[in-house]
4 protein chains.
Amino acid sequence: MRVGVLTGGGDCPGLNAVIRAIVRRGVPEYGYSFLGFRDGWRGPLEALTKPLDIPAVRGLLPRGGTILGSSRTNPFAIDDGVTKIKKNLQNLGVDALIAIGGEDTLGVATKLHEMGVNVVGVPKTIDNDLSGTDYTFGFDTAVTIATEAIDRLHTTAESHHRTLIVEVMGRHAGWIALHSGMAGGANAILVPEVRFDIDKVCEWVESRFRLDYAPIIVVSEGAMPKDGEEVLLTGDKDAFGHVRLGGIGDWLGREIESRTGKEARTTVLGHVQRGGTPTARDRWLATRFGLHAIDAVAAGKWGQMTALRGTDIVTVPLQEATKQLKLVDPALYAEAEVFFG
Amino acid sequence: MRVGVLTGGGDCPGLNAVIRAIVRRGVPEYGYSFLGFRDGWRGPLEALTKPLDIPAVRGLLPRGGTILGSSRTNPFAIDDGVTKIKKNLQNLGVDALIAIGGEDTLGVATKLHEMGVNVVGVPKTIDNDLSGTDYTFGFDTAVTIATEAIDRLHTTAESHHRTLIVEVMGRHAGWIALHSGMAGGANAILVPEVRFDIDKVCEWVESRFRLDYAPIIVVSEGAMPKDGEEVLLTGDKDAFGHVRLGGIGDWLGREIESRTGKEARTTVLGHVQRGGTPTARDRWLATRFGLHAIDAVAAGKWGQMTALRGTDIVTVPLQEATKQLKLVDPALYAEAEVFFG
Amino acid sequence: MRVGVLTGGGDCPGLNAVIRAIVRRGVPEYGYSFLGFRDGWRGPLEALTKPLDIPAVRGLLPRGGTILGSSRTNPFAIDDGVTKIKKNLQNLGVDALIAIGGEDTLGVATKLHEMGVNVVGVPKTIDNDLSGTDYTFGFDTAVTIATEAIDRLHTTAESHHRTLIVEVMGRHAGWIALHSGMAGGANAILVPEVRFDIDKVCEWVESRFRLDYAPIIVVSEGAMPKDGEEVLLTGDKDAFGHVRLGGIGDWLGREIESRTGKEARTTVLGHVQRGGTPTARDRWLATRFGLHAIDAVAAGKWGQMTALRGTDIVTVPLQEATKQLKLVDPALYAEAEVFFG
Amino acid sequence: MRVGVLTGGGDCPGLNAVIRAIVRRGVPEYGYSFLGFRDGWRGPLEALTKPLDIPAVRGLLPRGGTILGSSRTNPFAIDDGVTKIKKNLQNLGVDALIAIGGEDTLGVATKLHEMGVNVVGVPKTIDNDLSGTDYTFGFDTAVTIATEAIDRLHTTAESHHRTLIVEVMGRHAGWIALHSGMAGGANAILVPEVRFDIDKVCEWVESRFRLDYAPIIVVSEGAMPKDGEEVLLTGDKDAFGHVRLGGIGDWLGREIESRTGKEARTTVLGHVQRGGTPTARDRWLATRFGLHAIDAVAAGKWGQMTALRGTDIVTVPLQEATKQLKLVDPALYAEAEVFFG
């Protein structure tokens, strides 16, 4: 059997570790050969391939990024996209596909599976917002980087009387903010799931100043004030219509300064959170996802994806991951609130 | 209500984070006051206390070690130990105890609970070998440190033709070796649960040399060769009768050198694995254990301990944690073996 | 003799290490007693003190921030400022002062020395822009943090076709950008000393894209385009009249996007560069500065400051440090240019 | 002109950064072509080569190890070694050699230069014991790793009453021990340059215990007790006649245990100190050495090597580096002693 592998969507530490594990197990255990597809769904769509064998995956475990490249190409948005993919797979002798990606990539995988393509999925999102799995790889790395930044801010916050703001990733879900804010001892954590009250935030800030400690606020890039989104959205989109990184963190800094009369400074971590070597835990998870993905191929579990449940890797239907975003649980957010102010 | 808190057994990053969370939640939410006991069970035994309130726990989250100190004192090995503890708790007005510790500390907690003391436990072990919980805090930190060491060895291993050995913690369970070896891409992982065959290890070493890569071996301090323990145990105990750190790693280096004729070098990480600031994940887990421990006190869940199950913190009977060691699952070890040689 | 110690200006990793070394040597070697002054020159001005002895400096070596606090108070801007300081020093029995700080703090020290106060200085600036010393402590830490961020961006840059920008500290001097950009392998380094040509920057960006690598640009917060400062300065000042952090990095991202038609993303490291534990090298330098500062006091070298020359710590006149900013040497910048584009 | 490049001796972070800088500057600036020689002097001796151009050096800056491989081959110990090298250089059209290495590699380079080969040297030693340069690259990385280990030991040392020992590299010179011990706040630093008195070491240990702090000792692998080397050398050599790593650290642990009656634990960092990515500072130094080495070739400075003097890179005669080992300056050691006990 020949198995194609592709990676789609945004960058995420651990992608290479998944690819390596698939190949390292698939070749000796099942006698499979492999073919890498380049740049996500563009690969099978345009027959862009890359050889994938054991020598090709040497040294990949600690490397960030993806040797296969990635894209946000959606074959369903392209004329005859699916027909082209099917034809290319047939021409290349590819019997099954392992698609490693997030909501969009796995959404395509789900539909292709329904149309008869043999697909197994591996969930991937830095934001940890995919349902069906306890965690996704890359998330622990992002949280670790954000926590290290918060740690560093603590000392400088204490020596001077200013508010320090860290803007982290998370457009729709606040997992990175929640975990790093709790691990870093933030005095407020603002997430997209809960509109924040800027008056309340300033109260927390002031209460910290009264204790002679300086406040640290972690904010998801997608967090929104209760009534302030008009302000936020003015001129803050980039050339591609995205809400600009840095938008909410900078806005928050200006608001807090003008309301408290004390300086505020913002750190925007940006893509630093997505890059570099994965943490030990993310490598462990990514490696196990790879091993179980190729086992799922061998077992013919088409339309399934690997998932973490406790300490076990299981498989669940692809739909389960893509039907709805996994948002921050209010009970967890309440745990974090213990430390606000 | 007045709640006593103590930490027992070996050092473990995250102990201070647990203490902080207990107090930060217990004071405002339940109106409790707290009393720290020093040096594990020696504290209640000898009425050695330390004030514990919100100012006392400021800044504790990232700090390794334990502000309460620790010991391996066992009140059941001391005349009238239990009577003394009960009397001291009464005299100090302490209504309930939170005991943070491993097998020994929680074993004492279990028996005290059966004798009518109001105890809640928090599991702690760097080695991850306590049953009843998916993971314990401190473990992720130890794995991270060991993985960073392995990462560094890879480049030097590749430039020169020598075997590099890393000895990690784990007297009875090989979890640290397994996770760090898998995350670090080791060519062999030797754990206490599986007696290793030195001939087989040398085969893996030689097969790496043939690929022009140098082999890296991770070994738990408690790993044992199939027939070689007599050799190992000669003169290797310290003044306290412990098997000396460094024993098996050094033995392995000498054996591999003399069998392969190529140099071997050993790194013994030792207590470096137990110290320093906890990883973001361990702080998250330790903080949540602390929050749920004080909730368990409020709910009168005596004889229970906090535990991680998937993404949830639950409580389980203390006996569950202490009745048997959680050893490495053979199925997991088989996953790691994919990458051996 | 009683020696006062103060720290002024912005935060800088290593301040506590200097304080510790002063006390650890001064007490046993010279039999001095010490008095800490709080919040820079505000301390002697308002007689705000803090006890400073050997127990007070235990554990300080790795801690960021300053236990003495800091401020930008200038006694020469206050009525009778100098008279008050002299009187307070006399009342408190302080015979000599060690002032640890940057241009402003040491500028005050210089003038006080000329007016008869016994002062020794220790140079401090994260930006490395003080003359008279090869390096200042804190600088290596800032460069290390910025380099780690650039390292992480490399992998994500390679997987996607976008420009990644890192804005680092440096209002007047580009040392942090130069060192981190060179250590991180940036494709362009923009510093305040050299007005940049946005067309040229876009050429470098395009040449990287043609190689199928993504460009990484490091920019000092004080860097300026050749003709574009009007754009830059519109609405970019904060409530305190400072040029806002994030200004130039965000501007650059928008310009490159609109000129190349490819996405750009900006990371603004901000105060993360100033906080946390110092690197080993900064601790070494800070400790040696502290030891030599108290030796300078013992030798009556008033009006001098410690300085690094090669591997030696020497003393130089305070004026030497404060008379002019140490800017990036054009020859060094030319070395970095080898790697542009 | 065609320039050969080789790396010799032990591994050292920064080797690849030197190679990259040589090529990145040499090709566009001087129009040179390059040839890599494999495995140190074995390369020119046996005409083992590797292509070396700009694509070959992409991505090398942060990578530990050396893409050229290394060895300890000495052509002067081989019949007609020099004749073979000269002939191979001629046959391969190599006009000049850049030799990157330590005492042995540069010793060979010195002699070859005297015999008419066009050689420029780049000094390399993890141990920082080469004369003629303020520092060598790789040293800062080793010190950083050792300091991180000491940092981690502090917390665990404080929670328990035991002595913690860290054995670091340095057979003949104690630079790594001195710098990391001072940066890490060790209570004793034992170096090869000064025979230590075990009674005195135990006094320092006891004085720490009396303060209720636990002692941390950093020891160079080559440190020796005043009268105890017979004990040390019994059975401690490996199959290759080297003094075994771990020897002195383990010996010290046993001695301190038996003399103080309190547990001691040893960490042996071993090759972890030599591997992995270089620090920002080492990348800066290695890159500048590479740039100046190719400039030295262009200037025909045969028989010279690059060297750091303050913030400048200069060239000095190769003999200067190899005539004698740079040992720890007693005045510097005296600075460190301020913090002993």
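Quick note on labels: first sequence line is chain A, next is B, and so on, each numbered from 1.
With chain A as partner, the option from B:Gly59, B:Ala336, B:Gly184, B:Ala17 having the largest number of non-hydrogen pairs under 4.5 angstrom is B:Gly184. Ranked by heavy-atom pairs under 4.5 Å with chain B, the first of A:His179, A:Glu335, A:Met182 is A:His179.
For a residue to count as touching a neighbouring chain, one of its non-hydrogen atoms must lie under 4.5 Å from one of that chain's; by this rule A:Ile313 does not touch chain B. Residue A:Arg309: no heavy atom, backbone or side chain, is found under 4.5 Å from chain B. With a threshold of 4.5 angstrom between heavy atoms, A:Asp151 approaches chain B through side-chain atoms but not through N, CA, C or O. Proximity to chain A is limited to the side chain of B:Leu332, based on heavy atoms less than 4.5 angstrom apart. For A:Thr311, the parts lying under 4.5 angstrom from a heavy atom of chain B are both the backbone and the side chain. Interface remark: A:Leu178 contributes backbone and side-chain atoms alike to the contact with chain B (heavy atom separation under 4.5 Å). Both the backbone and the side chain of A:Ala21 come within contact range of chain B, each with at least one heavy atom under 4.5 Å from a heavy atom of that chain.
Here the closest heavy-atom approach between residue A:Leu211 and residue B:Arg58 is recorded as CD1-NH2, 3.2 Å.
Applying a 4.5 Å heavy-atom cutoff, the residues of residues 280-297 of chain B that approach chain A are B:Ala280, B:Arg281, B:Arg283, B:Trp284, B:Thr287, B:Arg288, B:Leu291, B:His292.
Taking OG1 of A:Thr144 as the start and CG of B:Asp140 as the end, the distance is 7.5 Å to the nearest 0.5 Å.
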